[in-house]
Amino acid sequence: MIYKYFPHTHEDIESMLNTVGVKSLDELYSEVPDSIRFKRDYQLPEAMSEPEVRRFFEQLGKENKPLTCFAGAGVYDHYAPAVINHIIERSEFLTSYTPYQAEISQGTLHYIFEYQSMMAELTGMDISNASMYDGTTATAEAVMMAVAAAKKSNTVILSETVDKKTVDVVNTYAKFHGINIVMVTEHEGITDRQNLEQKVGKGGIAGVIVQQPNKYGIVEDYTGLADITHQNKALLIINSVAADLSVLKTPGGWGADIAVGDGQSLGVPMQFGGPYIGYLCCTEKLMRKMPGRIVGMTQDNRGQRAFVLTLQAREQHIRRQKATSNICSNQSLMALYVTIYMALMGKQGVKEAAELSYAGAHYMYDLLIATGKFTPTFQQPFFNEFCVDYSGDVDLLQQKFIDNGFMGGIKMGEHTIMFAVTEQRTKAEIDNLIKLI
């Protein structure tokens, strides 16, 4: 082959040219007017040898200043086994195309099926899809699912303790789909339950969205929330950090109808903001409203196990006006990544990573408070992320962190910082950050 990802050989190209009756590619494009043809050189540097390219990027890389990360807010520095990058390059997985043709897509369909199985178990839900872009858009898709299921209601309630990035994306989707978003106030860092119950009780609500842990890292108690939501004929949607569900009560355990969030915490590198992976799981009765890919397992005509796209009409992919979603490309490379991560780590490994994150965060929290320069922002339980109020200048403190090789949390307010700790952070790293204070 000429190029790794282009399947056409010289012979293939010659055969196609002969079929259409032309002798060359230039002749194929001869009808393109000369006046609009690009005739200048491309603005590209001169070609370099492999050693020269390596030296160029090594020098470029030295301009980066790696920081020890104590920031989170939806993106976390988790460990990932090195072998993952080698496995995802195997030929049976190397495609970004939606696997309509099951006979040539068994590798892709197989790992999507395994991904779905793992995510359904992790969230405590009946079924999972694949091919969601990220956690914010997955939440927006869940909003449209809720409205589609309600049929006569186009209002969705959203807690103010949901991450602002998610709120912004949901509002964008809602605006262009005629959906009304109603915000529920927060009280002392958690969803104002009384305000929520009042708004749900008025009726005409398609869905309620809350987050666990919420945008402050607080673990909220959602006991009875599903009952209140369902009594008023609405769906409960819970957005969660995927890895945390190995320890925390699952959305299914809370009685949620739809579980959404980002799977980046399942070993996906932070990599400057993406690509990440959204997950969307739901109860069985909602699965025909679910967007994205759904893969099922069956048998072929020889009695062998086989995998196919299932539970979706062809219009899901080619008739956009009838589709439940317009996610048409197979956005599942990251689904493959987290599938391999979970398979390698195992249930116990994923759980241990979460427990180490929890322990590290509480150790760091206690040390910060002990300095006398920080006070608790909220008196609420947290997992691996927490907010504290600083008595001095937050901007100057964070610059001091950066100057000494630390990404020291995220500024949440004039005097408030939110820190995150993962299993990657050592006791020595935490102690060294505290010494700077």
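A donor-acceptor contact shorter than 3.5 Å links the side chain of T377 to the backbone of V388. Looking only at distances, a side-chain donor or acceptor of Q211 sits under 3.5 Å from a matching main-chain atom of D163. Between the side chain of E160 and the main chain of M183, no donor-acceptor pair closer than 3.5 Å is present. Judged by distance alone, with hydrogens and angles left aside, the side-chain atoms of K165 form a donor-acceptor pair with the main-chain N or O of A73 at under 3.5 Å. Under a 3.5 Å cut-off, the side chain of N129 and the backbone N or O of P291 do form a donor-acceptor pair. Side chain of Y276 to backbone of M270: a donor-acceptor contact under 3.5 angstrom is found. Checking side-chain atoms of S30 against main-chain N and O of E27 turns up a donor-acceptor pair under 3.5 Å. A donor-acceptor contact shorter than 3.5 Å links the side chain of Q106 to the backbone of F307. Although no hydrogens or angles enter the test, the distance criterion places no donor-acceptor pair under 3.5 Å between the side chain of T422 and the main chain of Y76. Checking side-chain atoms of E423 against main-chain N and O of Y79 turns up a donor-acceptor pair under 3.5 Å.
Aromatic rings of F70 and F419 (six-membered ring for Trp) have centroids beyond the 6.0 Å cut-off, not under it. Ring pair H362/F382: centre-to-centre distance below 6.0 Å.
S49 and E52 share a side-chain donor-acceptor pair at under 3.5 Å. Checking Y363 against D431 by side-chain atom types alone, a donor-acceptor pair falls below 3.5 Å. There is no side-chain donor-acceptor pair under 3.5 Å between H78 and Q424. A donor-acceptor contact closer than 3.5 angstrom links the side chains of E114 and H110. A side-chain N or O of Y111 and one of S332 form a donor-acceptor pair less than 3.5 Å apart. T166 and T136 are not linked by any side-chain donor-acceptor pair at a separation below 3.5 angstrom, with hydrogens and angles left out of the test.
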Run the side-chain donor-acceptor check on residues 172-181: report pairs under 3.5 Å with partners two or more places apart or on a different chain.
unit_1: T172; atom_1: OG1; unit_2: D168; atom_2: O; d: 3.0
unit_1: H177; atom_1: ND1; unit_2: Y173; atom_2: O; d: 2.9
unit_1: N180; atom_1: ND2; unit_2: T155; atom_2: OG1; d: 3.4

Only distances under 3.5 Å count here; give the side-chain donor-acceptor pairs of residues 56-68 to other protein atoms, sequence neighbours excluded, each with its distance to 0.1 Å.
unit_1: K65; atom_1: NZ; unit_2: I402; atom_2: O; d: 3.1

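A heavy-atom distance below 4.5 Å is not found between the side chains of M132 and I277. Inter-residue side-chain proximity for M345 and K351 is flagged as unmet; no heavy-atom pair is nearer than 4.5 Å. Between F378 and C387 there is a side-chain heavy-atom pair separated by less than 4.5 Å. I258 is not listed as a side-chain neighbour of M125, based on a closest heavy-atom distance of 4.5 Å or more. Residues V394 and T416 form no side-chain contact, since every pair of their non-hydrogen atoms from C-beta on lies 4.5 Å or further apart. Within the 4.5 Å cutoff, the side chain of L196 has heavy atoms near those of the L225 side chain. In this structure, the side chains of V421 and Y358 stay at 4.5 Å or more apart for every pair of heavy atoms. Looking only at side-chain heavy atoms (C-beta outward), K215 and V162 stay at 4.5 Å or farther from each other.
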(message) side chain to side chain donor-acceptor pair (under 3.5 Å), that's the test. Do S15 and D12 meet it? Break it down for me.
(response) CA-CA 5 Å; S15 176; D12 293 332; over 6 Å; no
(message) Apply side-chain contact (heavy atoms from CB on, under 4.5 Å) to residues V295 and V308 and explain how you reach the verdict.
(response) CA-CA 6 Å; V295 174; V308 294; over 6 Å; no
(request) For V219 and L248, run side-chain contact (heavy atoms from CB on, under 4.5 Å): C-alpha distance rounded to whole Å, both residues' side-chain angles, the deciding distance at 0.1 Å, then the answer. (result) CA-CA 9 Å; V219 179; L248 297 178; 4.2 Å; yes
(message) Quick one, F383 with V241, criterion side-chain contact (heavy atoms from CB on, under 4.5 Å). Give me CA distance, side-chain angles, the key distance, then yes/no.
(response) CA-CA 11 Å; F383 190 66; V241 176; over 6 Å; no
(request) Tell me, with the steps shown, if L367 and L433 meet side-chain contact (heavy atoms from CB on, under 4.5 Å). (result) CA-CA 10 Å; L367 290 182; L433 183 138; over 6 Å; no
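Smallest separation of non-hydrogen atoms from D192 and V184: O-CG1, 3.7 Å. Here the closest non-hydrogen pair linking I417 and G408 is CG2-O, 3.8 Å. The two residues E141 and L280 come nearest to each other via the heavy atoms CB-CD1, 4.1 Å. When all heavy atoms are compared, the tightest approach of N214 to E220 is ND2-OE2, 2.9 Å. Residues V338 and G263 come closest through the heavy atom pair CG1-O, 3.7 Å. The two atoms that bring T310 and G296 nearest to each other are CG2-N, 3.4 Å, heavy atoms only.
For residues 354-371, no residue pair satisfies the salt bridge (charged side-chain N to carboxylate O under 4.0 Å, His left out) rule, not counting sequence neighbours. Screening residues 401-413 for salt bridge (charged side-chain N to carboxylate O under 4.0 Å, His left out), with sequence neighbours left out, gives D395-K411. For residues 236-264, the pairs satisfying side chain to side chain donor-acceptor pair (under 3.5 Å) are T139-N239, H230-D257, with sequence neighbours left out. Evaluation of the salt bridge (charged side-chain N to carboxylate O under 4.0 Å, His left out) test over residues 128-137, restricted to residues two or more places apart or in two chains, returns none.
Within 6.0 Å of CD on E414 lie no more than 12 heavy atoms contributed by other residues, nucleotides or ligands. The neighbour count for F272 CZ, taken as heavy atoms of other residues, nucleotides or ligands under 6.0 Å away, does not exceed 12. Annotation: F406, atom CZ; neighbour count of heavy atoms from other residues, nucleotides and ligands within 6.0 Å is above 12. Dense packing is recorded around CE of M412, with more than 12 heavy atoms of other residues, nucleotides or ligands lying under 6.0 Å away.
K435 is linked by a salt bridge (Lys or Arg N to Asp or Glu O under 4.0 Å) to nothing, counting only residues two or more places apart in sequence or in another chain. Looking at residues two or more places apart in sequence or on another chain, you find a side-chain hydrogen bond (donor to acceptor under 3.5 Å, both in side chains) between Y216 and E186. For E121, the side-chain hydrogen bond (donor to acceptor under 3.5 Å, both in side chains) criterion is met by K347, not counting sequence neighbours. For L44, the side-chain contact (heavy atoms from CB on, under 4.5 Å) partners two or more places apart in sequence, or in a different chain, are Y42. Evaluation of the side-chain hydrogen bond (donor to acceptor under 3.5 Å, both in side chains) rule for D41 yields no partner, not counting sequence neighbours. With sequence neighbours left out, E429 forms a side-chain hydrogen bond (donor to acceptor under 3.5 Å, both in side chains) with R425.
Separating the CD1 atom in I237 from the OG atom in S159 is a distance of 13.0 Å, to the nearest 0.5 Å. Between atom OG1 of residue T191 and atom CG of residue L158 there is a gap of 9.5 Å, rounded to the nearest 0.5 Å.
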